[in-house]
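The block underneath contains the structure these notes are about, expressed in structure tokens.
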Amino acid sequence: MSSIRFLRTFVAAARGGSFAAAADQVALTQAAVGQQMRALEAEMKKTLFDKTGRTMVLSPAGHLLLPRAEELLAQYESMRRDLQDQRQIAGTIKLGSLISAMGLLSSTLAQLKSLHPNLEVELRVREQTQLMQDVVSGELDAAVVVERQWPEVPGLLWTPCYDETLTVIANSGIAAPDTSIASLFASQPFIRFDRRTPTGARIDRILRRLQLVPKEFLELNSLLAIAELVRKNVGFTMAPLLKNFDWESDPALCVLQLPGRPIARRLGMLENGRRSHITGVVREEMLAHLRRMKPGS
DNA sequence: AACGAATGTTGCTGCTCACG
DNA sequence: CGTGAGCAGCAACATTCGTT
């Protein structure tokens, strides 16, 4: 079966005047060049070289083939260059994220920036509902959000990326791995994640289901601020274990699993589809980044 | 993992040409 | 005319790669 390589060898032989010269140029042995040329002649059903003794010249069919082979090789090279250029993406995209996903997203974007220096990213931190509206309206090209029922909008693309398990997080001064969750709820002030957010509302439903009645102390709409207050032992909380923040290794914090089957929220990327050639690259880089991370971190 | 096709190398033979 | 150099062809074997 002939190929671009065979044509390249043919051109080298035609220009070099011998199979030996062609072999030098295309880094093969003379025997391999001869085999390729015989295969090419069989494919074309024509003799391409006239050999009289040690001299070898192009046959009429060879003369006909040479310029066309060179043209084909030039087109092939041009096609290859174009594809290589396309791998570099450029332009500006508007990305949104929940503040809690910023840790992961920022390290993803840092990696992306080194791969695509001409890519500019405008990053907006907003809450879930606003992010969803902005992606649908086109205000944002894509956003990292918690999984929900999405509206039926043409082009809207949802890709689940990772799960965050709901846990109880307390200061290590008041809790150890064997501390019962019920005793924390009975004795310690509770810092609640804003019930107006979908995740906060879900935490509220779980508390009811587990019949845990907290000693309400504060209600905040920032998981990072809540974590900081827990570090200062202002109270304890129930919150998703955020990716890329490594609270489990934090000596000031004690992370406790909820009883029963683990409950998680699913995060992913919502793209509005209009600039999917760029947002797709961000999505794939984020997935690759997640694969590189050690499990559970 | 096994298999087969494609493709390559190695080592040889034979032909031609240039030169003494 | 004998001989060595240069070249192509052939057969055997090795390697790579895709498929089953």
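First the proteins, then the strands, lettered A, B, ... as listed; each starts at 1.
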Applied to residues 173-182 of chain A, the side chain to side chain donor-acceptor pair (under 3.5 Å) test, sequence neighbours excluded, yields A:S180-A:S183

TODO: Determine which pairs satisfy side chain to side chain donor-acceptor pair (under 3.5 Å) with at least one residue from residues 142-156 of chain A, sequence neighbours left out, and list them in order.
DONE: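 Checked against side chain to side chain donor-acceptor pair (under 3.5 Å) - neighbours excluded - the pairs reaching residues 142-156 of chain A are A:E147-A:W158.
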
List the atom pairs, donor and acceptor, that lie under 3.5 Å between side-chain atoms in residues 130-146 of chain A and the rest of the protein, sequence neighbours left out.
residue	atom	partner	partner atom	Å
A:Q130	NE2	A:D134	OD1	3.0
A:D134	OD2	A:R126	NH1	2.3
A:S137	OG	A:Q133	O	3.3
A:S137	OG	A:D134	O	3.2
A:S137	OG	A:E139	N	3.3
A:D141	OD2	A:K94	N	2.8

With 3.5 Å as the limit, what N/O pairs link the protein to nucleotides 11-13 of chain B?
none

Specify the separation, in whole Å, of atom [atom1] of [X] and atom [atom2] of [N].
X	N	atom1	atom2	value
A:Q36	C:dG9	CD	P	13 Å
A:M37	B:dT7	CE	C1'	13 Å
A:F19	C:dC7	CZ	P	12 Å

#### Entry: Listed partners of A:N221 passing side-chain hydrogen bond (donor to acceptor under 3.5 Å, both in side chains), at least two apart
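With sequence neighbours excluded, A:N221 shows a side-chain hydrogen bond (donor to acceptor under 3.5 Å, both in side chains) to no residue whatsoever.
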
Those residues at least two apart in sequence (or on a different chain) that pass side chain to side chain contact (heavy atoms under 4.5 Å, CB included) with A:R208 are A:D204

